[in-house]
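I have placed the structure first, in the form of structure tokens, so that the comments after it can refer back to it.
We're numbering straight along the sequence, starting at 1.
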Amino acid sequence: MPQETVCRIIRQYNQEPLSPEDMQRLQEIAADFMTVKNYVYRRYGGIKSLARLYPGYTIQNEMTRSGLREQMDMPSVYFYLAVFDAVREIKIHWTGVRARILKRVNAHEGLNGEEKHFLRYLLKVNNAFESALNGTPLKLPKEIQKQYDLLAFGVDMKKLKNYLRRQVRKYRKYLHVDHADGFFATERAYRYDDHGIYLSVKEKRKRVYIPLTDGNRYTRQLYIRLFPEEKNVEIHVPVDVAVKKYADHIQKIGLSLGMQIMLVTDEGHLYGEKYGMYQTQLSEWLREQAGVYRRNRTANSGRKKYQTKKHRLEAQLHDYINQELNRFLKEERPKTVYLPRLPKAGVSGPVRKINYIASTWQRGYIRSRLKQKCQEQSVEFVEVFGKGISMECSRCGAMGSKQEGRFFCTCCGYEAEQKQNAAQNAKKRGLQTESEEKSSSDQPDGGIYGRDHKNKVPDK
């Protein structure tokens, strides 16, 4: 049986700063990479090009015939990767647009069940979605056409398609890249040797040599990130890492995220106690620099020093986050982790200092790194419903109050640290959801029809 693996990004660094000439050559590739991506965004990012996105070889052939690569004198190993990367991001964007529209359709009180079902079908089937937006004739296989005709019967198709177009106009964005800070490279574009890597450039039969801090060699598609100010590069390598499994990982742990203490468990264990210090250092510096920039905007010739220090402060914060997450997994040995699904950041308040701290809160980074590390160690990562989780009493379920970092329940008298109470609620909700899912799967026909087994139409 093959061993389970998970993808992980490994980073390689240059051993010594690059020469200005070599950095210039790499920046030319990055600039061309950006130009090609923006060209693909403009040409294929609209609704008229939806039919060409799948499977995608149509765009590749058209880009070959366009003559853009020859005009830019860009190596093919970089040109086609820029095309594929842009197409991938266009597909991701359209997936996000459909997901947001689907959420609005499901919550729309003015639509009946048949209308919602028809709209969900349009969002799911690529040909139907493209036809509805462009007003072109719909071509579907015979069996799928039958299903479409059945769903369309009795609904106002014109009204629903217009509604769909309005939602697309609302959520679709025009993709664009503003920074030429890196590019992808295939195996044909590089060669590991002499304790470093040789990268192809625009000059024929020329390569830039970058001595590396390690002697590892990979045969993967790489991402080369450039830092021209420091004359450094960072090579991102996706590798498959074997999932670690531990027999002694049996705990089910609820977690709560905070802006001062990074993680609090349902038992009150703290991880990342210095997180608030690093976070405040970053947010206060950003607030100070924003004021300096506003006062000297006309005299400010660039932001190189700003970006360099910001990157350094963020790197320190991220290193600390990863260090504490590793410590959490090592000491707690969890089998399952329950984390509240937090809402999006709200409207800014009147206190600018607090706004900066909230805006730089690394909750998304913490969540993604925790999820990645859980996957690598075969720990189940579960997000639970987070609404009202900090105000609900974990003992009796009544709504309580918070004061000076403590939670108080006026119903049963329970008192605890507010983050610990939230972590206990996360575990409680996670276990409750698991119990409901198990009960549902134990019902007759639960494995096939789930909770809708009662609505099954008997065969005639």
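With contacts defined as side-chain heavy-atom distances shorter than 4.5 Å, the pair F328/T265 qualifies. Counting heavy atoms from C-beta outward, I321 and Y275 have side chains that approach closer than 4.5 Å. Residues L226 and Q27 have side chains in contact (heavy-atom distance under 4.5 Å, counting atoms from C-beta outward). The shortest distance between side-chain heavy atoms of V97 and I101 falls below 4.5 Å.
A distance-only check finds no donor-acceptor pair linking the side chain of H179 to the backbone of D181 [under 3.5 Å]. With hydrogens and angles ignored, the 3.5 Å screen pairs no side-chain donor or acceptor of K161 with any backbone N or O of L133. For R52 (side chain) and T58 (main-chain N/O), no donor-acceptor pair under 3.5 Å exists by modelled atom type. Distance alone, capped at 3.5 Å, is enough to place a donor-acceptor pair between the R165 side chain and the A132 backbone. The main-chain N or O of G254 is found under 3.5 Å from a side-chain atom of D266 such that the two form a donor-acceptor pair. Under the 3.5 Å distance criterion, the side-chain polar atoms of S131 are left unmatched by any main-chain donor or acceptor of N127. Between the side chain of H93 and the backbone N or O of K173, at least one donor-acceptor pair lies under 3.5 Å. Side-chain atoms of S49 do not come within 3.5 Å of backbone N or O of G45 as any donor-acceptor pair.
Between the CG atom of D85 and the CD atom of Q221 there is a distance of 8.0 Å, given to the nearest 0.5 Å. For the atom pair CH2 (W285) and CZ (R287), the distance works out to 13.5 Å, reported to the nearest 0.5 Å. Here the straight-line distance linking atom CG of L255 with atom CD of Q420 works out to 12.0 Å at 0.5 Å rounding. Annotation: the span from N425 atom CG to C393 atom SG amounts to 7.5 Å, rounded to 0.5 Å. Atom NZ of K245 sits about 5.0 Å away from atom OG of S378, to the nearest 0.5 Å. For the atom pair OG1 (T336) and CD (E434), the distance works out to 6.0 Å, reported to the nearest 0.5 Å.
The shortest non-hydrogen separation linking Q424 to S394 is OE1-OG, 2.7 Å. Annotation for Y190 and R220: closest pair OH-O, 2.5 Å, computed over non-hydrogen atoms. Across all their heavy atoms, K427 and Y338 have their closest contact at CA-CD1, 3.8 Å. When all heavy atoms of N106 and R120 are compared, the pair lying nearest together is OD1-NH1, 2.9 Å. Of all the heavy atoms in P334 and V379, the pair that sits closest is O-CG2, 3.4 Å. In plain terms, the two heavy atoms of T186 and L81 that are nearest each other are CG2-CD1, 3.2 Å.
Not a single salt bridge (Lys or Arg N to Asp or Glu O under 4.0 Å) links R42 to another residue, sequence neighbours left out. R217 meets the side-chain contact (heavy atoms from CB on, under 4.5 Å) test with Y192, D193; sequence neighbours excluded. Residues that satisfy the side-chain contact (heavy atoms from CB on, under 4.5 Å) test with C7, not counting sequence neighbours, are P238, D240. Considering only residues two or more places apart in sequence or on other chains, E380 meets the salt bridge (Lys or Arg N to Asp or Glu O under 4.0 Å) condition with none of them. Listed by chain and residue number, nothing satisfies the side chain to side chain donor-acceptor pair (under 3.5 Å) test with K335 (two or more places apart in sequence, or in another chain). Checked against ring-ring contact (aromatic ring centres under 6.0 Å, His included), H117 has no partners two or more places apart in sequence or in another chain. Evaluation of the side-chain contact (heavy atoms from CB on, under 4.5 Å) rule for Y54 yields K91, N126 as partners, not counting sequence neighbours. Every residue two or more places apart in sequence or in another chain that forms a side-chain contact (heavy atoms from CB on, under 4.5 Å) with R327 is listed here: Y271, E324, E331. Considering only residues two or more places apart in sequence or on other chains, H176 meets the ring-ring contact (aromatic ring centres under 6.0 Å, His included) condition with none of them. The ring-ring contact (aromatic ring centres under 6.0 Å, His included) search around F79 returns none, not counting sequence neighbours.
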Applying salt bridge (Lys or Arg N to Asp or Glu O under 4.0 Å) to E417 and R406, what does each step give before you reach the verdict? CA-CA 5 Å; E417 198 277 328; R406 303 286 296 177; over 6 Å; no
So E89 and K37, side-chain contact (heavy atoms from CB on, under 4.5 Å) or not? Walk me through it. CA-CA 10 Å; E89 291 180 357; K37 288 186 65 174; 3.2 Å; yes
Would H318 and Q316 satisfy side-chain hydrogen bond (donor to acceptor under 3.5 Å, both in side chains), going step by step from the backbone distance to the final call? CA-CA 6 Å; H318 291 173; Q316 291 175 356; over 6 Å; no
Show your reasoning for whether salt bridge (Lys or Arg N to Asp or Glu O under 4.0 Å) applies to E383 and K371. CA-CA 10 Å; E383 286 189 289; K371 184 177 181 180; over 6 Å; no
Step by step, would you call V105 with Y163 a side-chain contact (heavy atoms from CB on, under 4.5 Å)? CA-CA 10 Å; V105 168; Y163 171 79; 3.9 Å; yes
Would I210 and L212 count as a side-chain contact (heavy atoms from CB on, under 4.5 Å) if you check the C-alpha gap in whole Å, the side-chain angles of each, and the deciding distance to 0.1 Å? CA-CA 6 Å; I210 304 175; L212 300 176; 4.1 Å; yes
Test side-chain contact (heavy atoms from CB on, under 4.5 Å) on V382 and V337 and set out the steps. CA-CA 6 Å; V382 180; V337 168; over 6 Å; no
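Judged purely by distance below 3.5 Å, without hydrogens or angles, the side chains of Q279 and Y320 never pair a donor atom with an acceptor atom. In summary, the side chains of N134 and E130 do present a donor paired with an acceptor at a separation below 3.5 Å, with no hydrogens or angles considered. One side chain, Q12 or D214, offers a donor N or O that lies under 3.5 Å from an acceptor on the other. In this structure, a donor-acceptor pair under 3.5 Å is absent between the side chains of Q377 and H249. With no hydrogens or angles considered, a side-chain donor-acceptor pair links Y365 and N322 at under 3.5 Å.
The pair E392-R429 meets the salt-bridge criterion, with a side-chain N (NZ, NE, NH1 or NH2) lying under 4.0 Å from an Asp/Glu carboxylate O.
Aromatic ring centres of F183 and Y78 lie closer together than 6.0 Å. If you look at F118 and Y148, their ring centroids are closer than 6.0 Å. Remark: aromatic rings of H311 and F227 are close, center separation under 6.0 Å.
The stretch residues 104-118 participates, sequence neighbours left out, in these salt bridge (charged side-chain N to carboxylate O under 4.0 Å, His left out) pairs: E115-K159. Applying the ring-ring contact (aromatic ring centres under 6.0 Å, His included) test to every pair with at least one member in residues 390-433, sequence neighbours left out, gives no pairs at all.
Remark: R333 CZ is loosely packed, at most 12 non-hydrogen atoms of other residues, nucleotides or ligands lying under 6.0 Å away.
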